[in-house]
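Proteins come first, then strands; the chains are lettered A, B, ... in the order of their sequence lines, and each starts at number 1. These numbers come from a predicted model, not from an experiment. These values consider heavy atoms only, across backbone and side chains, with no hydrogens, waters or symmetry-generated copies.
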2 protein chains.
Amino acid sequence: MQKTDLLVVEDDPALARLICYNLEKQNYTVRHAGDGEEALEQVRQRQPDLILLDWMLPGISGIEVCRRLREQNRTASLPIIMLSARGEEADSIRGLDIGADDYLIKPFGMDTLFARVKAILRRAPPADKTLRFEDLVMDRVGHKVERNGRLLSLGPTEYRLLEFLMLHPAKVFSREELLKHAWERSSCVELRTVDVHIRRLRQTLNEATEPDLIRTVRARGYALDKPLEQD
Amino acid sequence: MQKTDLLVVEDDPALARLICYNLEKQNYTVRHAGDGEEALEQVRQRQPDLILLDWMLPGISGIEVCRRLREQNRTASLPIIMLSARGEEADSIRGLDIGADDYLIKPFGMDTLFARVKAILRRAPPADKTLRFEDLVMDRVGHKVERNGRLLSLGPTEYRLLEFLMLHPAKVFSREELLKHAWERSSCVELRTVDVHIRRLRQTLNEATEPDLIRTVRARGYALDKPLEQD
DNA sequence: ACACGCCTATGAAACTTTTATGAAGCCTCA
DNA sequence: TGAGGCTTCATAAAAGTTTCATAGGCGTGT
């Protein structure tokens, strides 16, 4: 099993270092972001199992980061522990409302921190990052996909599209749904664009004799599906 | 068992996000529609197990959406919880009259919401999305139909027609009724067209030795029915 | 039983809708 | 600035729908 992957978002370098150092000693893999922008970028690059998120951040605020993560399907249930200075307690309710899973008031002891982290991870154990479907394997940590042991090279969009489909095998999605879930948010793109990406995905996925894993459902959309014999 | 599928219809993005996020954390599959038009479209695409329906909506109002769902046979008993702002209490009676199953006054806490959702679902447990009749199985999530394990390939209209028949087995429908329920609404098509689709459905459904599952009732219409022995 | 009059089944043609595909233009990132 | 990747667009190709003409059944009254 992979080590649990944490992301610490904290702009105060001293505190950040302290937290990171201690968590690493607890045998977590720890990454750090100094502001909201960077945090989102880090998450995009590799999804952590838990985020420690400071409330006050330069640029995009912690709460905003939280909200943005929540509205993205793939990060919607990513555990978040908010950190904030005393006196902002009133915000705690808002923080929890907006989707934080826990809330720590600074200053806090490292033991408290460890306890909360463990508690949250116990409640939502880090999911296996590897997706499988038929002879397809997606390694979400290494950001690699292979079929039958053959490494596939996918563009970012194709990757997200396949990832979403692999999260919901044998389920049909309309183009709207696919755009909503597999594209960066707020992108207003032609529905037909999905077709093109499906084609590229198919080209990459299906070697010569291999059956097509993507099923077209006319007037509905597409599904990742076991290719059945049909007469 | 598939996760329970909810549809949140709410035009205020902030509130919508809040509701969706919290419900997702309760392990529901949540979809969202920003107006009445979109809501009806979503329902058409995939029928949810419960709808949270805002009263005030741009375009088609919540109450109108509710009414339209009620008059469609297939959605007539779909559970609906109406949401409305304080001060519209008077409407609550009207709302319940029109067929809502419950009524929430904004602002409401998430716990209240969860409780109501659970209560309604307990009262009307989400139907299995898989329809069965004799050796026919229709997977409405994956949009697949098989008979005797043999995958059938149906066109959109045949699919809807069969779906409707499977929802009401052993019941005879006139061509008018079939057109009304299995065709996109507001389509004005010859009655005789139904015959053609019934034929195509039969062709696909009935392999060589298999008995015909569709019974013709002269001067009345058709029914999906257990085949009678006859030699 | 027979014949006539409604219905229904069926094949095929005309049409409509939807999807697949190739290629061009853009944008971004290195 | 070049390469890779994303979108759009035009067009070809499928797939599905509707209509129509005709053949075939069934029921009923005599």
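Taking only distance into account, the side chain of Arg218(A) meets the base of dT18(C) through a donor-acceptor pair shorter than 3.5 Å. For Arg199(A) against dT19(C), a side-chain-to-base donor-acceptor contact under 3.5 Å is absent.
In terms of phosphate contacts, Arg200(A) brings no side-chain nitrogen or oxygen within less than 4.0 Å of OP1 or OP2 of dA20(C). In this model, the phosphate group of dC7(C) is not approached by any side-chain N or O of Thr216(B) to a distance below 4.0 Å at OP1 or OP2. Using a 4.0 Å cut-off, no side-chain N or O of Tyr222(A) falls inside it from OP1 or OP2 of dT18(C).
Between Asp212(A) atom CG and dT19(C) atom P the separation is 15 Å, expressed in whole Å. For the pair Glu190(A) CD and dA24(C) C1', the interatomic distance rounds to 16 Å; values are reported in whole Å.
Interface limits on DNA chain D: the 5'-most and 3'-most nucleotides within less than 4.0 Å of chain B heavy atoms are dG16(D) to dG27(D).
Shown here is Glu37(B), whose CD atom has no more than 12 heavy atoms of other residues, nucleotides or ligands within 6.0 Å. More than 12 heavy-atom neighbours from other residues, nucleotides or ligands sit within 6.0 angstrom of NZ on Lys129(A).
Ion pairing between Arg44(A) and Glu41(A) holds under the 4.0 Å rule for side-chain N and carboxylate O. Under 4.0 Å is where a charged nitrogen must lie from a carboxylate oxygen, and between Glu176(A) and Lys180(A) no such pair does. Electrostatic pairing of Glu134(B) and Arg147(B) does not count as a salt bridge here, judged by no charged N lying under 4.0 Å from a carboxylate O.
Within residues 191-198 of chain A, the residues having any heavy atom under 4.0 Å from DNA chain D are, by residue number, Thr193(A), Val196(A), His197(A). Using a 4.0 Å cutoff on non-hydrogen atoms, the parts of residues 155-165 of chain B near DNA chain D are Gly155(B), Pro156(B), Thr157(B), Glu158(B), ordered by number.
Side-chain polar atoms of Arg67(A) and Tyr21(B) form no donor-acceptor pair below 3.5 angstrom.
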